[in-house]
Amino acid sequence: MKPLHRTHSTYRKVIFREIRHSLSRFFAIFAIVALGVGFLAGLMATTPDMRLSADAYFDDTNFMDIRVVSTMGLTEDDVRDIRQISGVVGVMPAYQADTQVRTAGEDTIVTRFHSLPQGRETDDPNYQNQLAVVDGRLPEQPGECVVQESPWGDSPVHVGDELCLLPEDGDQSDTFATDTFTVVGIVRSAYYISIERESTDVGSGSVGMMAYLADSDFTMEAYANVFVTVDGAKPLTSMLAPYEEHIQPVIDALEALGDVREQIRLEEVREEAADALAEGRQELEDKRAETEQTLADALAELTEARQKVTDAQRELEDGEKKLADGKKELADKKAAFETEIALKEKQLQEGELALLDGKAQLSEGKAQLQELEKQLADGKAELQQLIADGKTEEAEAKTQELAMLQAGYEIGLSEYETQEATLQEKENELTLARTQLEAGKKQAEAEFAAAEKTLAESRAQLDSGWEELEAGRAELEQGEKDYADGRKEADEELGKAQDELDKAAAELDTIEPPVWYVFDRMNNAGYASFAGNAQKVEAIATVFPIFFFLVAALVALTTMTRMVEEERTQIGTLKALGYGKGKIALKYL
């Protein structure tokens, strides 16, 4: 029996009446279902939004699609062949090096340096992984750099600071053109969007900072990376299968090119190694010849120095002999002079004694003359008296006696004057002899003093000569020791260099061929991390809303069951009016 048409409006009224009478229950079920639908819609939209936002950012910065690296680096020929691959629209070769730097705050940071291409135009397809300047500017002059903005917000480096390579890390002139870089800007890069630290084999093993230099600040012979962008890849969304399928043919072509370029690079490296080995052998021979010449010159100098020491010793020994002879001669002269002086002193003393005796005799003769002179005066007075008395005979006898006395007086006076003159002459001679003797003594003493001074100076010169000889002998011994050490060190260094060349020659034929690695964006830590996070959100969007729907279904089922129990009379009435089970169940659904 079919229900009447009028009953349809009644059916609808019953449904709306039930909703109106149980609004709270209806809205509770509606809210639970809406919450589940909202979570589902939001989570389902998050992953596409993440991918679209990231893809837009990558497109704006011309993020690379493929990165090519090689265990022996990449050359200009490699770059040229990569450009010729079909589907390649942009190629950017780049240098890369990890090292330790010291900041203005004396912090030591492991830093990864990247190169920036010359003429950085944002619309150039070859300029990939473009930088966004946060503060300052990009490098314009040699020795300038920019650093990656720290994701932790506590960067120890600021614009204007200097980064210095560590001297203890050795000479890095084969990598960098300078050892000091001035920070001129802070940047962001799509190449590093993750807070995860890159690994390295330098320092602590973890890269603490990224920096970018101009190409000219690198002195490396080969590129570390070649970044590639694929034609038609930008319109496709990253992290989805169409994008990956689009770039896969280029990856395959690059891998095929790598198989060819690996052998070519191996031959180039072997040729370079062979040339370097030949150059090393020539340098070794030149070094050996130079070393032998240097050692020969040193040996000649030592021989000359040894001869000088021998000659100096012979001269000093001759000087010692001459000094000894001079001392002996001076001593002999002194002894002979003293003997002569003593003899002359004795002669003078004897002459002076004789002079004193002569003077005593002269004084006696003078006394005798004075006595005779008195006798003559007395005789003359007596003769005058005898003459006056007229005693002629007595006067004549007195006259004869006076004549005899006068004759004796005159003879005595003559002898006295002669003896006096002789004594005066003898005294003059003694005085002259004494004067000459004193002058001779003074002259001899001066000569002896001068000779002693000369001998003393000779002694000082000989002593100084002996000291110089000892110093020269010590210097000669040190020179001989240095020569022996130099010979030993030179032999060791030359032997070590020869061993290294022999080892290099042995390893020349065993050089392993280089290996090309072709990576897509998933090899980039930041890209892979972001893609993984997007997949995690997608997985959550698939699973998490199910719980809300299950709760909503359970609540709805419980509510429907209760409503059926409460409205059995209405269900019977509807059946009596001709409604089927599906129509009745639809009311509760």
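A side chain to side chain contact (heavy atoms under 4.5 Å, CB included) with Val250 is found for exactly one of Ile82, Val230, Asp231, namely Val230. Test Gln148, His114, Glu198, Glu149 against Tyr192 for side-chain hydrogen bond (donor to acceptor under 3.5 Å, both in side chains) and you get one pass: His114. A side chain to side chain contact (heavy atoms under 4.5 Å, CB included) with Glu255 is found for one member of Ile251, Leu257, Asp259 and no other, namely Ile251.
Counting only distance, with no hydrogens or angles, the side chain of Thr219 and the backbone of Thr175 share a donor-acceptor pair below 3.5 Å. Checked by atom type and distance alone, the side chain of Asn62 pairs as donor or acceptor with a backbone atom of Pro125 at under 3.5 Å. Proximity of a side-chain donor or acceptor of Asn523 to a complementary backbone N or O of Asp520 within less than 3.5 Å is not detected. Checked by atom type and distance alone, the side chain of Asp98 never pairs as donor or acceptor with a backbone atom of Val202 at under 3.5 Å. Under the 3.5 Å distance criterion, the side-chain polar atoms of Asp161 are left unmatched by any main-chain donor or acceptor of Val183. Side-chain N or O atoms of Ser464 include none that pairs as donor or acceptor with a backbone N or O of Ala460 at under 3.5 Å. Using a distance-only test at 3.5 Å, with no hydrogens or angles considered, a donor-acceptor pair links the side chain of Ser53 to the main chain of Asp49. The main-chain N or O of Phe227 is never found under 3.5 Å from a side-chain atom of Asn225 such that the two would form a donor-acceptor pair. A distance-only check finds no donor-acceptor pair linking the side chain of Glu162 to the backbone of Thr103 [under 3.5 Å].
Aromatic ring orientation, Phe113 versus Phe181: tilted (interplanar angle from 30° to 60°). The aromatic rings of Phe58 and Tyr527 are tilted relative to each other, their planes meeting at an angle between 30° and 60°.
The OG atom of Ser70 lies 7.0 Å from the CG atom of Asp78; values are rounded to the nearest 0.5 Å. Summarising the geometry, atom CD belonging to Glu245 is positioned 10.5 Å from atom CG belonging to Leu240; distances are rounded to the nearest 0.5 Å. In this structure, OG1 in Thr178 is found 12.5 Å from CZ in Phe218, a value given to the nearest 0.5 Å. In this structure, OG1 in Thr108 is found 4.5 Å from CZ in Arg102, a value given to the nearest 0.5 Å. Between Ile193 atom CD1 and Ser529 atom OG the span is 7.5 Å, to the nearest 0.5 Å. Of the inter-residue distances, the one linking Ser115 atom OG with Asp215 atom CG reads 4.5 Å to the nearest 0.5 angstrom.
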Begin with the C-alpha distance, continue with both residues' side-chain angles, and end with the deciding distance and a verdict on side chain to side chain contact (heavy atoms under 4.5 Å, CB included) for Val228 and Val226. CA-CA 7 Å; Val228 177; Val226 173; 4.3 Å; yes

With side chain to side chain contact (heavy atoms under 4.5 Å, CB included) as the criterion, how do Phe519 and Val69 come out once you've worked through the C-alpha distance, each side chain's angles and the decisive distance to 0.1 Å? CA-CA 8 Å; Phe519 301 117; Val69 298; 3.6 Å; yes

Test side chain to side chain donor-acceptor pair (under 3.5 Å) on Tyr212 and Arg112; report intermediate values, then the result. CA-CA 8 Å; Tyr212 298 85; Arg112 174 164 295 171; over 6 Å; no

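Shown here is Glu267, whose CD atom has more than 12 heavy atoms of other residues, nucleotides or ligands within 6.0 Å.
What you find for Cys145 and Leu163 is that their closest heavy atoms are SG-CD1, 4.0 Å. For Ala222 against Arg265, the heavy-atom pair with the smallest separation is CB-NH2, 4.1 Å. Considering every non-hydrogen atom in both Leu254 and Ile85, the closest pair reads CD2-CD1, 3.2 Å. Taking both residues in full, the closest heavy atoms of Ala177 and Ser216 are given as CB-O, 3.9 Å, listed atom of the first, atom of the second, then distance. Closest approach of Met239 and Phe530 over heavy atoms only: CE-CD2, 3.3 Å. Listed here is the closest heavy atom pair of Ala190 and Phe63: O-CE1, 3.7 Å.
Side-chain contact check for Arg521 and Ser238: at least one donor-acceptor pair (N or O, by modelled atom type) lies under 3.5 Å. Neither side chain, Tyr243 nor Asp55, offers a donor N or O lying under 3.5 Å from an acceptor on the other. Residues Thr229 and Asp65 bring no donor and acceptor atom of their side chains to less than 3.5 Å of each other. Side-chain polar atoms of Gln172 and Thr99 form a donor-acceptor pair below 3.5 angstrom. Remark: the Tyr223 side chain and the Gln96 side chain contain no N/O donor-acceptor pair separated by less than 3.5 Å. Between the side chains of Asp171 and Ser173, at least one donor N or O lies within less than 3.5 Å of an accepting N or O.
In this structure the side chain of Gln100 never reaches within 4.5 angstrom of the side chain of Thr111, judged on heavy atoms. Contact of the Met210 side chain with the Val187 side chain is not registered, since no non-hydrogen atoms from C-beta on lie closer than 4.5 Å. Side chains of Arg188 and Leu131 form no contact here, defined as non-hydrogen atoms less than 4.5 Å apart. For the pair Trp516/Val68, a side-chain contact is recorded, criterion being any heavy-atom separation below 4.5 Å from C-beta on. Residues Met209 and Val157 form a side-chain contact, since some pair of their non-hydrogen atoms from C-beta on lies under 4.5 Å apart.
Ion pairing between Glu144 and Arg137 holds under the 4.0 Å rule for side-chain N and carboxylate O. Using a 4.0 Å cut-off between a side-chain N of Lys or Arg and a carboxylate O of Asp or Glu, Asp81 and Arg261 qualify as a salt bridge.
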